[in-house]
Amino acid sequence: MEVGFALAARHGVGSILISRSLARALLASVALAASIVLAGCDTDQVSLATNAKANQPVPPKLLAAMVEKNMDLQSPILVRLFKQEAELEVWKQTRSGQFALLKTYPICRWSGDLGPKVREGDRQAPEGFYSINPGQMNPQSAYYLSFNTGYPNAFDKALGRSGSQLMVHGDCSSRGCYAMTDEQIAEIYSLGRESFFGGQKAFQLQAYPFKMTPVNMAKHRNNPNMPFWKMIKEGYDHFEVTRQEPKVDFCEKKYVFDAAKPADAKRDLVFDASAKCPAYVIPEDIASAVREKDVRDQAEYNKLVAKGTPVARMNTGIDGGMNKVFAAKIPEGSTGLSEGAEGTTLEMLAMAKAPGTIPGHVNPPKPNLDAAASGPPQEPVVAVSAPATSTRVAAAAPTEKSQEKSQGSGFFSNLGRKMGLGTADTTATTPPPQATASVAPAQTSTTPPTAASRLKAAVTRFVPGHDKSKDAAKEAPKPAVAAKPAEPAKQPDTRLAATRPALKPSVSDGAHDSGQMAGAAPVVQSNSFDSRFGAVK
């Protein structure tokens, strides 16, 4: 209440609107909680707001932002998700009828890779357009609060894709979901709740691999998911040029946006995701604006490709991503497949306040050990203007003299290199293992490396923040007078341990409320999430 009075002193008339909004929100919550019962995530009959968590009012700071942006508390919302940026955006309709960005929330954790979810158990967070109705809101979630994304939609089903219980929830833990902190999901939940109280039947969720800009499209141009991404980019562009929620339909196993009846049509349009598309038109004002944007984007994309914009790395074996602001708070934290804003580092963000409580059992992105042991990841490809036999860019090959000096000329050393047990091949035209830009120093020992040492070397390349210069110093050739080889077993392998972090203490400003999270233990091992996921999200 003190905050409300402070805002009143600063904002005058606006503060009165905020106070009224708070009172209206509380009264509406109580009244509807007593009278409306809606279907939950598992078709259980649960109400939209029957407990303290689900009844939390919209924070005064957000109410003040609504006043400044000419928004009503209960006007419709729209949500956009971006994996690479690890961001969730909440857009809200203004009194002019268009949507404006209300707030951007950093995503604490998402799992899988860039690309759509295909089958149950693939750990993929979904991509595409989904509709969230009141029945998908779960105030009794084991992960504080949540809402079901609605995956699979009609498009996913037409392709035979499977999966269930894909959520946006709290607890910063994900297996195919988008996980926020408890404080963040409470705020997002309250915004969705108020939009339903205001009459919105469902809000749209748009989930993307990244912001659909020419730069990102150029970086990922070789990704096999590009045809799908180009298709959903049409919906992205419709929203960008109109600032209106695009109408989404499905036919011929594809998305259709803002379809309307032709002028001479005698019946309403009927869409079936697996059937032929009916005759439809896109309103000319929307179609022309989208065409103009597409021409600009394509011209910029062509420039980026022509100048050799590197292609993003694929198949790294890293499970999902985390926003930089959270990775900075976790010992040995990594953003994984996400990218932070330019000009910021984990060290800079470490001093900032985290947007919510980070639980002690948080499991940051880390390399897949099986993928690491199988070989180095694919190296980025760079487009070149002149024809060439290979467009792969690799590190410059060392001279013959330096190779002989660093690798040795012993029988076992030569045999090890022929069998693929030595250093990675640095040429761009030879078969796998493929060239990488960070070739490890050649071994000087005449003893062939063991399988364990190969796994150790592979894992080391994926450890976030690992200083390879120290490894080079440790693995430098020993003097010839050494009586026996070094015994690495006497020193613990800290690099391998780093990929399996021990339980980490909470880095939040305060202790996590044990009563906040129903069904969740206060301490859970980082490798036991599958066992925890049996509970309803």
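Starting from 1, each residue takes its place in the sequence as its number.
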Query raised in the report: Can you tell me if Glu68 uses its side chain to pair, donor with acceptor, with the backbone of Leu63 under 3.5 Å?
Result: no
Keeping Arg161 on the side-chain end and Pro152 on the backbone end, is there a donor-acceptor pair under 3.5 Å? no
- Message: Can you confirm whether the side chains of Tyr236 and Glu234 place a donor and an acceptor under 3.5 Å from each other?
- Response: no
Using a strict 4.0 Å threshold on nitrogen-to-oxygen distance, state whether Glu120 and Lys117 make a salt bridge. no
Tested for salt bridge (Lys or Arg N to Asp or Glu O under 4.0 Å) against Arg80, the lone hit among Glu87, Glu240, Glu127 is Glu240
Paired with Phe147, the ring-ring contact (aromatic ring centres under 6.0 Å, His included) test is passed by just one of Tyr178, Phe203, Phe196, Tyr189, namely Phe203
Do the two ring centres, one from Phe210 and one from His220, sit under 6.0 Å apart? yes
Practice item. Go through the side-chain N and O atoms of Gln93 and Ser75 and say whether any donor and acceptor fall under 3.5 Å apart. Key: no
Pair Asp297 + Lys233: basic N to acidic O under 4.0 Å: yes
Separation between CG (Asp237) and NZ (Lys230), nearest 0.5 Å, reads 12.5 Å
| said: Tell me whether the rings of His238 and Phe257 are parallel (<30°), tilted (30 to 60°) or perpendicular (>60°). | reply: tilted
request  = Spell out, as yes or no, whether a donor-acceptor pair under 3.5 Å connects the side chain of Gln98 to the backbone of Thr242.
outcome  = yes
To the nearest 0.5 Å, atom OH of Tyr105 lies from atom CD1 of Ile188 at 5.5 Å
Can Glu245 and Trp91 be counted as having a side-chain donor-acceptor contact under 3.5 angstrom? no
Q) Mind checking whether Tyr208 and Phe82 have ring centres under 6.0 Å apart? A) yes
One should read off an interatomic distance between Leu304 CG and Arg221 CZ, to the nearest 0.5 angstrom, of 8.5 Å
Does Thr335 use its side chain to pair, donor to acceptor, with the backbone of Lys324 at less than 3.5 Å?
no
field: Under 3.5 Å side-chain donor-acceptor pair for Gln84 and Asn216
entry: yes
_Keeping Gln56 on the side-chain end and Ser190 on the backbone end, is there a donor-acceptor pair under 3.5 Å?_
no
> When you look at Gln204 and Val79, which way does the side-chain contact (heavy atoms from CB on, under 4.5 Å) test go after all the steps?
Replying inline: CA-CA 6 Å; Gln204 191 172 90; Val79 174; over 6 Å; no
Are any side-chain N or O atoms of Gln184 and backbone N or O atoms of Thr181, one a donor and one an acceptor, separated by less than 3.5 Å? yes
Exercise. Indicate whether any N or O donor in one side chain lies under 3.5 Å from an N or O acceptor in the other, for Ser338 and Glu85.
Key: no
For Asp294 and Gln298, does a side-chain donor sit closer than 3.5 Å to a side-chain acceptor?
no
Distance col, row Leu145:CG vs His169:NE2, nearest 0.5 angstrom, shows 11.5 Å
Next on the checklist: Does either side chain, that of His361 or that of Asp171, offer a donor lying less than 3.5 Å from an acceptor on the other one?
Outcome noted: yes
